[in-house]
Number of protein chains: 2
Amino acid sequence: MAVTKRSKQRDAIIDELCQRHDHPTAEELYLALKMKMPNLSLGTVYRNLNMLSDDGTIQKISVGGADHFDGNANNHYHMLCAECKRLYDVAYPVLEDIEKNAVNFVDGKITSHMITFIGVCNGCLH
Amino acid sequence: MAVTKRSKQRDAIIDELCQRHDHPTAEELYLALKMKMPNLSLGTVYRNLNMLSDDGTIQKISVGGADHFDGNANNHYHMLCAECKRLYDVAYPVLEDIEKNAVNFVDGKITSHMITFIGVCNGCLH
DNA sequence: TATAATAATAGTAACAATTATCGTTATTGA
DNA sequence: TCAATAACGATAATTGTTACTATTATTATA
């Protein structure tokens, strides 16, 4: 179902997600919010994250293991650290033509694209 | 643990995966192989797929839901059909410089990259 | 402002995907 | 041929996520 009524919980989830620039999993978000809202339910976090990513208000990112969420809905790229499994933003300029060009190699239509770099973050290199 | 001894099961998994050009999940692979090897175990399929993707013999692809596997270990791109959730190969020429260029936007080192197009395949458009 | 309709919640059970365990079997090097 | 052990099948356990249900909160309207 789509979002119609507001709730304190959803507002808090969006707030928290937009304030942080890591890309937390549902559980990480839940644990952070649980301190301020002690009877928040993990199911509520999942339900809202799904509604919001369905709307396009936030992004869901699957890279193996638990899904990550990103409060920045504008297309941009990510790097996954193979060691710590953290996801980072990569401010690489968006490849504006890639979807148009890719049509020639695809049987169907393209609506978006995602690029994920895999590597090792500085924290894990030292 | 790394691959040391051979097994009929692993050979069959590699064979099947390289013969097909869809990108089956562990369970799809298991069901296909179960016909030829009736006492194959799903755990064996998972264990081997993980060992082989750790080696770089095959690729594991996470796009939400069950992981997909690809017998082609050379870097290439994919499209996910948002309707049927099938994964397709996209023969878009590999962007040779993208990792080198992305280093400027990353705190760490980059070892690989993946590009996934999201769209709707022809089967689902009609 | 009170009320009625119902979206959203908390808590929990169920489910799906994957990994771990463990006793047995198969592979391989000596 | 045999001993060491990787790999197996069967199944239990774990993890991540979704579904269910009774209760609470939000919101449009009277």
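In what follows, chains carry the letters A, B, and so on, assigned in the order in which the sequence lines appear, proteins first and then strands, with residues in each chain numbered from 1. This one's a predicted model, so the numbers in the text were calculated from it and none came from an experiment.
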query: Is it true that Arg6(A) and Asp11(A) have a side-chain N and a carboxylate O under 4.0 angstrom from each other?
result: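 Here Arg6(A) pairs with Asp11(A) in a salt bridge, since their nearest N and O are under 4.0 Å apart.
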
Measure the distance from [atom1] on [X] to [atom2] on [N] and round it to the nearest whole Å.
X        : N       : atom1 : atom2 : value
Gln9(B)  : dG9(D)  : CD    : P     : 4 Å
Asn39(A) : dG11(C) : CG    : C1'   : 11 Å
Ile61(A) : dG16(D) : CD1   : P     : 17 Å
Leu52(B) : dA7(D)  : CG    : C1'   : 13 Å
Arg10(A) : dA25(D) : CZ    : P     : 15 Å

Main-chain N/O of [Y] paired to [X] side chain as donor or acceptor, under 3.5 Å:
X        : Y        : answer
Gln19(A) : Glu16(A) : no
Thr44(B) : Leu40(B) : no
His76(A) : Asn74(A) : yes

statement: 5'-most contact on DNA chain C (nearest-nucleotide basis), Met51(A) vs Pro38(A), goes to Met51(A)

Distance-only donor-acceptor check, side chains [X] and [Y], under 3.5 Å:
X        : Y         : answer
Tyr77(A) : His113(A) : yes
His23(B) : Asp89(B)  : yes
Asp22(B) : His68(B)  : no

query: dC8(D) phosphate, OP1 or OP2: any side-chain N/O from Asn48(B) under 4.0 angstrom?
result: yes

query: Is Met37(B) touching bases, backbone alone, or none of the nucleic acid, heavy atoms closer than 4.0 Å?
result: nothing

task: Could you run through nucleotides 17-30 of chain C and give me one letter per nucleotide, 5' to 3': B if any protein heavy atom sits under 4.0 Å from the base, S if only the sugar-phosphate is that close, - if neither?
output: SBB-------BS--

- request: Evaluate the ring planes of Phe117(A) and Tyr92(A), with Trp represented by its six-membered ring, and classify them as parallel (under 30°), tilted (30 to 60°) or perpendicular (over 60°).
  value: tilted

task: Go through Asn50(B) and Lys60(B) one step at a time and tell me if the side chain to side chain donor-acceptor pair (under 3.5 Å) criterion holds.
output: CA-CA 8 Å; Asn50(B) 284 338; Lys60(B) 181 195 274 196; 3.0 Å; yes

query: Which residues in residues 28-35 of chain A have at least one heavy atom lying under 4.0 Å from any atom of DNA chain D?
result: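 Hits under 4.0 Å, by residue number: none.
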
